[in-house]
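Everything below concerns the one structure shown next.
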Amino acid sequence: MVKLSNYFLFTKREDPAEAEVISHKLMLRANMIKKLSSGIYLFLPVGWRIFKKLEAIIREEMNKAGAFEIYMPAVHPATLWRQTGRWDIYGNEMLKFTDRNGRECCFGPTHEEVVTWLAAQEVKSWRDLPFTLYQIQVKFRDEIRPRFGVMRSREFIMKDAYSFGKSQDELNEAYDSMYKAYWRIFSRCDLDFKVVEADTGAIGGADSHEFIVLANTGESKIVYCPRCGWAANTERAELKEFKFKKAKYTEKKEINTGEAKTVEEVAKKLETDPSEIAKSVVFTVTFKSKNGEFYDENVMCVVRGDREVNEIKVQNFLSKLKDETVMGLKMYTGEDLPFGNIGPLGFDGMILLDNSLKFIDYFIVGANKEGYHITGIKAGDLKGDNYHWGDFAEAKAGDVCPKCGEALNESRGIEVGHIFKLGIKYSEKLGATFVDKDGKEKPIIMGCYGIGVARTVASIIEQKADKFGCIFPHTVSPFTVGVIDLKANNESSAVALNLYQNLKAKLFNPAILAEDVLLDDRDESPGVKFADADLMGVAYQVVVGRSFVKEGKVELKVRETGERLKISPEEVVDKITEFINHKNKSIEERIRSCPLT
Ligand code: ATP
Ligand code: MG
């Protein structure tokens with residue numbers, strides 16, 4: 001029985017000072033979560049109910065996609081992580097410690113190592129493949145900036161799945177089936193989301209997509225095409241073409257630009273567009289060589305003045321070019337360079353030139369001399385061993401869609417899911433092989449697929465909340481129905497209790513959540529009861545109060561739309577069923593809009 005009079009719920013009226021975004025504020029105020037220490041949270045009854053409903057959706061879709069549920073340990077031996085080389089690469093996000101026998105361990109930030117070890121132990125022949133395993137399990141990542149509550153916490157629960165196959169085709173099949181399952185999961189949360197091409201980061205691999213929930217406060221930036229639907233993370237969006245610009249200065253000449261340092265200052269001084277100034281940024285890049293040595297190298301990256309350098313693209317390009325691991329890069333701040341007048345001509349080191357520079361006839365570069373720039377430089381002037389052309393700029397609104405040429409839109413969002421084609425990156429290193437039909441031993445071809453469960457809950461709130469509190473579709477609402485007994489008289493309270501029992505018996509599937517109905521029977525004012533129901537995001541609210549005494553009617557309120565109906569208690573179950581069916585239809589429509597069929 002969920003009767004609020006004896007439930008564990010301590011809602012707050014004031015916004016907590018520590019929270020910046022709406023979902024974090026509301027989750028704290030609605031007493032869904034509680035902070036124990038930086039990035040470490042408890043889930044309380046109301047929050048855990050939402051979590052459990054979402055978890056049930058995820059589990060159902062994973063099972064339907066043919067994946068098998070397992071559970072892997074949180075503590076991993078360092079040896080596995082050393083075998084894949086990630087003991088060092090993962091960096092400070094990985095929590096490392098030593099047990100009483102002096103053995104190094106980590107608290108798993110992800111499970112490729114362990115699950116690949118498992119496959120290496122069990123799989124022998126082509127007959128054992130393909131299969132997909134998944135778990136819903138706790139991770140620890142010592143995030144630099146834990147924030148936004150459970151959106152970016154240090155300890156968090158992830159649904160992670162891993163596919164194992166004997167061919168690229170089998171990988172593609174598993175990947176598509178996870179893509180479709182993810183589409184269904186986020187649709188069932190009634191989320192407005194986009195699937196974007198993504199960078200593969202530290203996990204590595206070839207193909208990758210992120211599921212991004214659109215929200216202005218999101219940490220991810222994406223571009224998408226309003227015409228053909230192509231979408232990508234701005235870190236990844238590969239740009240092939242830019243709007244062509246015509247330069248004002250065509251003659252090659254060194255000119256005094258005085259105190260002007262930034263692209264904007266130089267452009268202003270020379271009365272031209274910022275796109276004519278080449279922006280040169282020097283990074284100190286730390287590499288790890290094949291024999292495990294670390295060394296630093298200064299690398300310059302040059303983009304057209306109206307663009308920004310994208311460090312992830314630089315990092316990926318350099319690791320590929322050198323076939324070594326880039327451990328990190330930071331902006332060079334040494335004193336031997338004339339900042340504001342740096343340029344690619346005569347720079348002592350590797351130079352990366354962004355393709356955008358090919359879309360202007362002449363541009364202006366720093367002269368590597370205090371107070372001077374050189375005008376009239378052509379893309380063709382920059383050639384030699386130390387120059388590399390490539391894609392290094394961050395995509396933004398107005399850029400040309402690489403698929404259809406339309407101007408791109410830009411938006412912010414929250415990454416809730418990420419799918420990767422890993423290939424043989426892990427299986428090769430951990431010896432996860434199988435004997436194929438031709439008798440040859442081959443590495444298993446893998447994929448990995450993650451969903452941040454609590455982050456998804458937070459993102460639903462972030463996208464849908466209003467000034468009264470959380471809004472959820474019934475599929476993940478902490479309580480699908482709340483019966484609010486205003487305690488007008490004994491008879492009305494009896495009707496409220498009866499409605500509560502009726503709704504529970506008639507509407508809900510006990511296999512998922514036995515108690516999806518709430519009875520607010522507290523001795524509180526109507527205002528407090530309405531505010532709490534709205535704050536928690538109770539999807540349908542039935543108020544039994546004065547109008548029952550007066551005219552035998554109760555009020556049914558739909559939290560999402562604010563719609564209110566006065567009906568007799570006998571009509572309540574049917575009416576709510578009607579609303580739920582209507583909502584389910586719109587969710588079905590979302591599911592059907594999946595580009596993969
Ligand atoms: P981010 O770029 O936001 O740090 P990530 O690329 O590190 O995410 P993955 O390694 O792909 O994330 O993890 C899979 C999913 O786990 C993510 O899509 C996200 O939903 C969730 N997740 C990752 N880090 C966190 C975190 N610190 N707190 C809560 N959820 C997280
Ligand atoms: Mg991360």
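Atoms within each ligand, like the ligands themselves, are counted from 1 in listed order. The analysis underlying the following values was restricted to heavy atoms, covering all of them including side chains, and did not include hydrogens, waters or symmetry mates.
Not less than 6.0 angstrom separates the ring centroid of Phe472 from the ring centroid of His474. Proximity of the aromatic rings of Phe283 and Tyr332 is defined here by a centroid distance below 6.0 angstrom, and this criterion is not met.
Which of Ala458, Gly452, Pro146 comes nearest to atom 21 (C) of ligand 1 through a heavy atom is settled by distance: it is Gly452. When Glu415, His418, Arg141 are checked for heavy-atom proximity to atom 10 (O) of ligand 1, Arg141 turns out nearest.
When each atom of ligand 1 is checked for a heavy atom of Ser153 under 4.0 Å away, the hits are 26 (C), 27 (N), 28 (N). Each of the following atoms of ligand 1 lies closer than 4.0 Å to a heavy atom of Val150: 29 (C). Taking a cut-off of under 4.0 Å to the non-hydrogen atoms of Gly417, the atoms of ligand 1 that pass are 18 (O).
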message: Thr98 vs Glu104, test: side-chain hydrogen bond (donor to acceptor under 3.5 Å, both in side chains). Steps then yes/no.
response: CA-CA 4 Å; Thr98 307; Glu104 286 179 294; 5.4 Å; no
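Judged by the shortest distance from any of its heavy atoms, Ile414 lies outside the 4.0 Å radius around the atoms of ligand 1. A heavy-atom separation below 4.0 Å is found between Val416 and ligand 1. For Met151, the heavy-atom gap to ligand 1 drops under 4.0 angstrom.
Counting heavy atoms under 4.0 Å from ligand 1, residue Arg152 touches it through both backbone and side chain.
For Arg412, there are no salt bridge (charged side-chain N to carboxylate O under 4.0 Å, His left out) partners two or more places apart in sequence or in a different chain.
Taking the six-membered ring where the residue is Trp, Phe8 and Phe10 present perpendicular rings, their angle passing 60° and hence far from 30°. Ring-plane geometry between Tyr90 and Trp81 is classed as perpendicular, the angle between the planes exceeding 60 degrees on a 0 to 90 degree scale with a lower cut at 30.
Within the structure, salt bridge (Lys or Arg N to Asp or Glu O under 4.0 Å) contacts touching residues 462-475 (residues at least two apart or in different chains) are Asp190-Lys464, Asp466-Arg559.
By the 3.5 Å distance cut-off applied to N or O atoms, Glu143 is counted among the residues near ligand 1. An N or O contact shorter than 3.5 Å is missing between Ile451 and ligand 1 by distance.
Test Trp183, Tyr179, Tyr449 against Phe211 for ring-ring contact (aromatic ring centres under 6.0 Å, His included) and you get one pass: Tyr179.
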